[in-house]
Structures are given as structure tokens and as C-alpha cells.
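To keep things clear, I will list the structure first and then write my remarks on it.
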Amino acid sequence: MKSIQSYERYQRQLILKGFGQDAQDKLTHASVLVIGSGGLGCPLLQYLVAAGVGRIGIADDDVVSLSNLHRQVLYTMEDIGKSKVEIAKKRLQLMNDSVEISIWNERWTQQHCVDHFNEYDLIVDATDNFSSRYLINDAAVLMGKTLVFGAVSQYEGQVAVFNHPIEVNKRSVNYRDYFPEPPKNGEVLNCSEAGVLGVLPGIIGTMQATEVIKILTGIGNSLINKILTYNGLSHESYIIELERKSILNGAPGSVEDFLNTNYDEMCGISYFEINEIDIHEWSVQKNNFILVDIREPHELPRLSEMEHLAIPLSELHIRLNELSDSNVLFVCQSGRRSLQAAMMIKNELESSRAYSLKGGVEELLKHKII
Amino acid sequence: MVEIRFFGQLTDLTKTEKVLIEAVSDTDMVMNKIIEMYPELKSATFKLALNNKLIIDNTAVDENCVIAFMPPFSGG
């Protein structure tokens, strides 16, 4: 009975030329660990479960919020405030109860990688920050795991397959061969700062699922030693070839070094010297600062009720003269770009003192200051 | 003419996805010229790809080649 049901469930891919029962069996016996069940994780989990990957692990420490719902399509309004992985597991099992699903409702750490990577055939990076991405990449390299990478930004996204075995004792490039070191904290904005079209992680997450299925079943050509960049506005795909120039690409060389690496610090160390001010401190010392809104003119709400200068970050370097000899408090949407602005002014305008408003305009809104 | 393409959030700094430049013979010259045109890129993180291939060291460029400026992406 079970095999009849199984045939019916997967019939459309079983009859597919080049797929068949053999590929289906490979999926049934495969295991995949997905780190992140947000914008990328939701669609890719749906397709992996639908396709019949035998065992799936999901890790995420976040809870569902209203601003997730435009792209994180496993969740509903009733789930707001609840654990993402718990809801994800419940929804996914309703779709296919023959898949074994394990969940970790906790922040994924180095120790988790060391303890659990070997329990899975393949790892998927569906996170949303550089600290997690470098951590997962380094662990995959150290522990000899194939990693399917995906990331989005506004209307664009990237997909790649890293560290896949290509010859005996030889693996394909990994993220460190592309960017050996992470960018400065705040330089590359995440979705909460830069925004993202809801369908974009849907497309990229689905492309990641495609790569996972291709690798597990051995069909097609995977994005090995390549990275694909997709643009949702033009539908253009741009593939670049990557190659390894040096074995010393910045990754820790041993499990011990890996466990001792502070990834958060590695991805944010350059801002340790910048003073962040919260809105309570600012409300007491308002007169000591010139408030500078470094958001672009289209970003809302504007600070029209407040005395301030509006200098978009993209113009800051040519308008530095407007800020000389002052205490400057930069503000942006969430407090990330204002760190970047403060760093810029610190390097270029020594006569001024630069500060960043913690939490940015979102914090001002929360406290009904605007 | 060499075609320069900007990806991801680099376009927030350049305000364009594409620009044509001339009189360049290698990627270091391209880099200098582009940073002159868009000084904001000086402090940005990116890699260059010449005709769809990541380059690390200075490389000669031909007429009609395409050079992509690729930043890292982190969102998810």
C-alpha cells in the first residue's frame, strides 16, 4: 500500500526522463541540513520535502514576525511570535509525513556544526548574515561537506555549490575562494535595511533546492566552481567561474582553530571604536549633536518634525564640509548604515566626532518619537 | 570599449548597472578609472570578473571585454 502511495506521490518525477525510480531512491536515502528557515529556507524546504528527501534537519532561532510574511511563505498570521522551526516542521509534515524532520530552535554555532554536520549528506546555507555564512562555509570545508549557498539582495540573488568532491582528495572552491574575508560590518546591507522583493528569495531558494536535488540524484550540471547571480528585474543570469588561487584562503585549518574563531567579531570588528547612542541618551543630550539622516530621499518616514540635515550616504563623501567641527549623530533606518557613515567620517574628518543612533528610525518609531 | 557591469548594492553607489570605458589595457587601469568615476566604490568590497571569470591578479584586457564588479550578498 505504501509503495503504491509513494508511486502516486512522486509519479510526475518518476516518469521524468533521466530521473525515475533510481533517482527517487537516492532522494529517499538522502539527508539534508538546512540552516535558516526564513526567506530562502521556506521555499527550499517545501520543495525538498515535496520531492521526498528522506531526512531533513532545520535550524533557526527566530520567531515569526509580521514583516516576514511577504516572503516566508510557510508561515501565517496566526504564527506570529511562534518558533519558525516548530511551525515549519508542522506545515512540512502536513505536506509529506514520510520525510523525517529534526529541528533546532537555537542559534547555530560552531559546536552545532562539529556535532551534527556528519549526520547529513549535504548542508544548505539559507541564513541572512555574513557571520553565519563564514561559519557554515568553514565548517563545511573542515568536515568535508558539500554546501549549497544562496543569498539575496534587493532584486538580485546568488546561488552556488561549494566544496563538492570533484576528484579523489580534491574539492571544488568554497566561499573563501571568492571572498576570503567578510566585508566590513554595515557595508553590505541585509534585507531589513536594503529591502527585498518577496519573490526573490522564493526564486533563489527554489534554485538552491534544484541544486540539492541535482547533486543528490546526480542529474544535470551543478554550479560547481561557479556562482550564479540572478536579477529579478531583467531576468538576466550571470555566471562567473571561480578558481582556487591558494589553499590559504583565510579559513581555520583545524577544528580547534574553528571552535576558537569568533565569527561575530570577525564580521564586525571594525566598528568597535564607533560610539553608538541609544534614544534615551540622545533625548538628554539632543543639543550637543547635529542629527544627520543618511538615508536616501525615497526612504520613509522622513524626519520632517525634527531639526536635522539630510545627506544620503551616497553623497556623504562630497558633503563632508557641511559637518566639520561638530558632534554628528548619524541616523538610518535600522542603525547599520549609520555605523558605516560614522566610520567614514572618523577616517576622513578628524575634527568631528561621529556617533551612530542605535536602532535608527525604527527605534524612533517604536518609541513614538516620530 | 570595455563594458563595466555593477552588481548588487554597488549599483546604489554608482547609480547605474553599466558603463562603457575606453583606453584601458589592464584590470588595474580599469579599477583606477572606475574609482575616479565613482569614488564611493573605494571603500566598498567587491571582486572583478573578466569575461565571466573571477580574477585576482592584474590581468590584460581586450577591446569588447566585459568586466563585472561583484559585491558579496548576505540577505536570506
Side-chain angles (χ1 to χ4, degrees), chain A residues 36 38-41 125-133 150-154 156-158 173 175 177-179 181-184 187-196 200-201 204-205 226-227 229 231 234 238-243 245-246 267 296 313-318 340 343-344 347, chain B residues 1-21 26-28 30-62 64-76:
Chain A
L40 295 166
D125 176 359
T127 63
D128 63 357
N129 62 86
F130 285 113
S131 171
S132 300
R133 293 187 182 286
V152 293
S153 171
Q154 299 179 328
E156 289 168 270
Q158 290 188 322
V173 298
Y175 196 68
D177 294 302
Y178 186 31
F179 285 98
E181 301 295 336
K184 297 177 286 292
E187 182 194 326
V188 179
L189 305 178
N190 61 18
C191 296
S192 67
E193 273 282 325
V196 66
L200 216 274
I204 300 299
K226 289 171 191 163
I227 188 160
T229 303
N231 185 324
S234 62
Y238 199 79
I239 295 178
I240 62 169
E241 287 174 45
L242 306 174
E243 65 177 312
K245 286 283 178 190
S246 158
C267 295
E296 299 297 318
L313 188 59
S314 56
E315 294 173 17
L316 187 58
H317 74 285
I318 49 167
Q340 194 185 343
M343 197 70 195
M344 192 191 281
N347 292 339
Chain B
M1 288 297 227
V2 170
E3 183 182 317
I4 309 294
R5 299 187 58 170
F6 301 106
F7 285 81
Q9 289 170 25
L10 296 182
T11 57
D12 291 347
L13 303 174
T14 62
K15 314 283 183 209
T16 180
E17 288 178 12
K18 243 177 234 184
V19 66
L20 295 173
I21 58 171
D26 60 38
T27 49
D28 280 357
V30 170
M31 187 85 118
N32 290 338
K33 197 150 192 169
I34 290 297
I35 287 188
E36 218 171 86
M37 292 166 75
Y38 309 104
E40 300 88 345
L41 288 179
K42 199 175 170 185
S43 55
T45 302
F46 54 83
K47 297 286 173 193
L48 299 193
L50 170 62
N51 292 335
N52 296 78
K53 202 166 177 182
L54 184 80
I55 56 158
I56 292 163
D57 305 315
N58 188 24
T59 309
V61 299
D62 298 326
N64 305 321
C65 71
V66 178
I67 297 178
F69 280 55
M70 313 289 302
F73 286 43
S74 81

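Letters go in sequence order (proteins before strands), and every chain restarts at 1.
For chain A, the nearby part of B:P71 is the backbone; its heavy atoms alone come within less than 4.5 Å. Heavy atoms closer than 4.5 Å to chain B are found nowhere in A:E315, neither backbone nor side chain. Of the atoms belonging to B:Y38, not a single heavy atom falls under 4.5 Å from chain A. Only the side chain of A:N231 has a heavy atom closer than 4.5 Å to any heavy atom of chain B.
Taking both residues in full, the closest heavy atoms of B:L10 and B:A44 are given as CD2-CB, 4.0 Å, listed atom of the first, atom of the second, then distance.
Within the 4.5 Å cutoff, side-chain heavy atoms of B:T59 are placed close to those of B:L50. B:V2 is listed as a side-chain neighbour of B:C65, based on a closest heavy-atom distance under 4.5 Å. When side chains are defined from C-beta on, A:Y238 counts as touching B:N52, because their heavy atoms get closer than 4.5 Å.
Listed for the A:E156 side chain is a donor-acceptor partner under 3.5 Å among the backbone atoms of B:G8.
At a cut-off of 3.5 Å, with distance as the only test, no side-chain donor of B:S74 or A:N129 sits close to an acceptor on the other residue.
Classified by interplanar angle (parallel below 30°, tilted 30° to 60°, perpendicular above 60°), the ring pair A:F179/A:Y175 is tilted.
Taking A:T127, A:I239, A:V152, A:L40 one by one and counting their heavy-atom pairs under 4.5 Å with chain B, the maximum is reached by A:V152.
Heavy-atom proximity under 4.5 angstrom to chain A picks out B:D12, B:K15, B:E17 from residues 11-18 of chain B.
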I would like to know whether B:F46 and B:M31 meet side-chain contact (heavy atoms from CB on, under 4.5 Å); could you show each step before the answer?
CA-CA 11 Å; B:F46 54 83; B:M31 187 85 118; 3.7 Å; yes
